[in-house]
Amino acid sequence: MSKSSRRFWLMKSEPNCFSIDDLAAMPDRREHWDGVRNYQARNLLRDEIKVGDGVLFYHSNIPSPAIVGVAKVVREGYPDFTALDPTSDHFDPKATQETPIWYMVDIEYVATFEHPLDREALRRHPLLAEMGVLKKGNRLSVQPVTFEQWQTVLEVAGLPHLVEV
DNA sequence: GCCAACGTTGGC
DNA sequence: GCCAACGTTGGC
């Protein structure tokens, strides 16, 4: 098989909450992507996102929102235990062991861009201007990215060798 | 801080 | 099942 079946995603995080530096600083450079409380994103985490998929790490809710680096999926959808934890900010009283409702995946740090790709840079590029993250009102915290967009982001970021990582 | 867009909730 | 009210997201 010449074409791999892996897919590509963009995941948003507020860096004040969890940044790419935080991911890189984890002991094994891995962390679970918890706290997603939107059904559309939940369905992606539970059903679509597979081990080996590529992740564009996006920092939101800051003066200059941007794609700041790359990660990869190392564990597929499993119940988001923070929904069961009454002390968690992400606690959901409707979630139970039997019906967890919310799911998460684990990702592993791959690289940080020397120069983050901000929204202006994305808009400037014909292939990237179509990305969901640029669309007005798009609030999905996990969203699909095409291979072409993935490849282009890595090329623009000066890390073309990571396209196949 | 503003506000548009969106998702969820709950009365009816 | 409709829809208004509300809360949240997130760029600017």
Side-chain angles (χ1 to χ4, degrees), chain A residues 7-26 31-49 53-73 76-107 109-146 148-150 152-158:
Chain A
R7 288 192 279 172
F8 307 92
W9 312 93
L10 180 143
M11 297 191 187
K12 296 181 196 169
S13 185
E14 302 190 14
N16 297 334
C17 177
F18 187 75
S19 72
I20 194 162
D21 290 343
D22 294 329
L23 179 62
M26 299 301 291
E31 183 59 300
H32 47 265
W33 199 262
D34 66 319
V36 173
R37 298 291 179 268
N38 167 285
Y39 284 102
Q40 208 179 332
R42 186 281 308 268
N43 293 345
L44 296 177
L45 291 168
R46 187 189 57 187
D47 306 328
E48 304 294 335
I49 301 178
D53 285 0
V55 174
L56 298 176
F57 202 115
Y58 180 87
H59 281 173
S60 68
N61 238 325
I62 49 172
S64 185
I67 300 173
V68 294
V70 185
K72 64 183 177 186
V73 177
E76 282 168 23
Y78 62 106
D80 180 344
F81 53 77
T82 65
L84 301 173
D85 175 4
T87 68
S88 168
D89 286 345
H90 303 303
F91 177 63
D92 181 350
K94 294 196 292 293
T96 66
Q97 292 280 355
E98 298 73 31
T99 312
I101 306 180
W102 306 113
Y103 284 74
M104 59 189 179
V105 299
D106 290 356
I107 64 170
Y109 174 84
V110 173
T112 302
F113 295 163
E114 192 175 346
H115 303 291
L117 265 88
D118 64 16
R119 300 173 64 79
E120 197 201 333
L122 296 176
R123 269 191 229 101
R124 207 157 44 212
H125 201 290
L127 290 175
L128 303 182
E130 299 303 312
M131 291 183 76
V133 74
L134 294 180
K135 300 221 166 82
K136 196 172 179 182
N138 189 320
R139 291 166 29 179
L140 257 195
S141 60
V142 177
Q143 49 186 267
V145 166
T146 66
E148 200 173 39
Q149 290 164 345
W150 162 264
T152 305
V153 164
L154 289 173
E155 281 168 2
V156 172

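Order of the sequence lines fixes the chain letters, A, B, ..., with proteins taken first and strands second; residue numbering starts at 1 for each chain.
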Please report the distance, rounded to the nearest Å, between [atom1] in [X] and [atom2] in [N].
{"X": "A/Trp102", "N": "B/dT8", "atom1": "CH2", "atom2": "P", "answer": "7 Å"}
{"X": "A/Tyr39", "N": "C/dT8", "atom1": "OH", "atom2": "P", "answer": "16 Å"}
{"X": "A/Arg42", "N": "B/dG7", "atom1": "CZ", "atom2": "P", "answer": "15 Å"}

Side-chain donor-acceptor pairs of residues 123-131 of chain A under 3.5 Å, sequence neighbours excluded:
from, atom 1, to, atom 2, distance (Å)
A/Arg124, NH1, A/Glu120, OE2, 3.4
A/His125, ND1, A/Leu127, N, 3.2

Checklist entry - Considering residues, nucleotides and ligands other than A/Glu148, do more than 12 of their heavy atoms fall under 6.0 Å from its CD? => result no

Next on the checklist: Would you say A/Thr82 and A/Arg37 are linked by a side-chain donor-acceptor pair, where the criterion is simply a distance under 3.5 Å?
Outcome noted: yes

Next on the checklist: Donor-acceptor pair, distance only, cut-off 3.5 Å: does the side chain of A/Asp53 make one with the backbone of A/Arg7?
Outcome noted: yes

N/O to N/O distances under 3.5 Å, protein versus nucleotides 9-12 of chain C:
from, atom 1, to, atom 2, distance (Å)
C/dG10, OP1, A/Lys12, NZ, 2.8
C/dG10, OP1, A/Arg139, O, 3.1
C/dG11, OP1, A/Tyr58, OH, 2.7
C/dG11, OP2, A/Asn61, N, 2.9
C/dC12, OP1, A/Arg123, NH2, 2.8
C/dC12, OP2, A/Arg119, NE, 3.3

Next on the checklist: The criterion is ring-ring contact (aromatic ring centres under 6.0 Å, His included); which residues satisfy it with A/Tyr58, sequence neighbours excluded?
Outcome noted: none

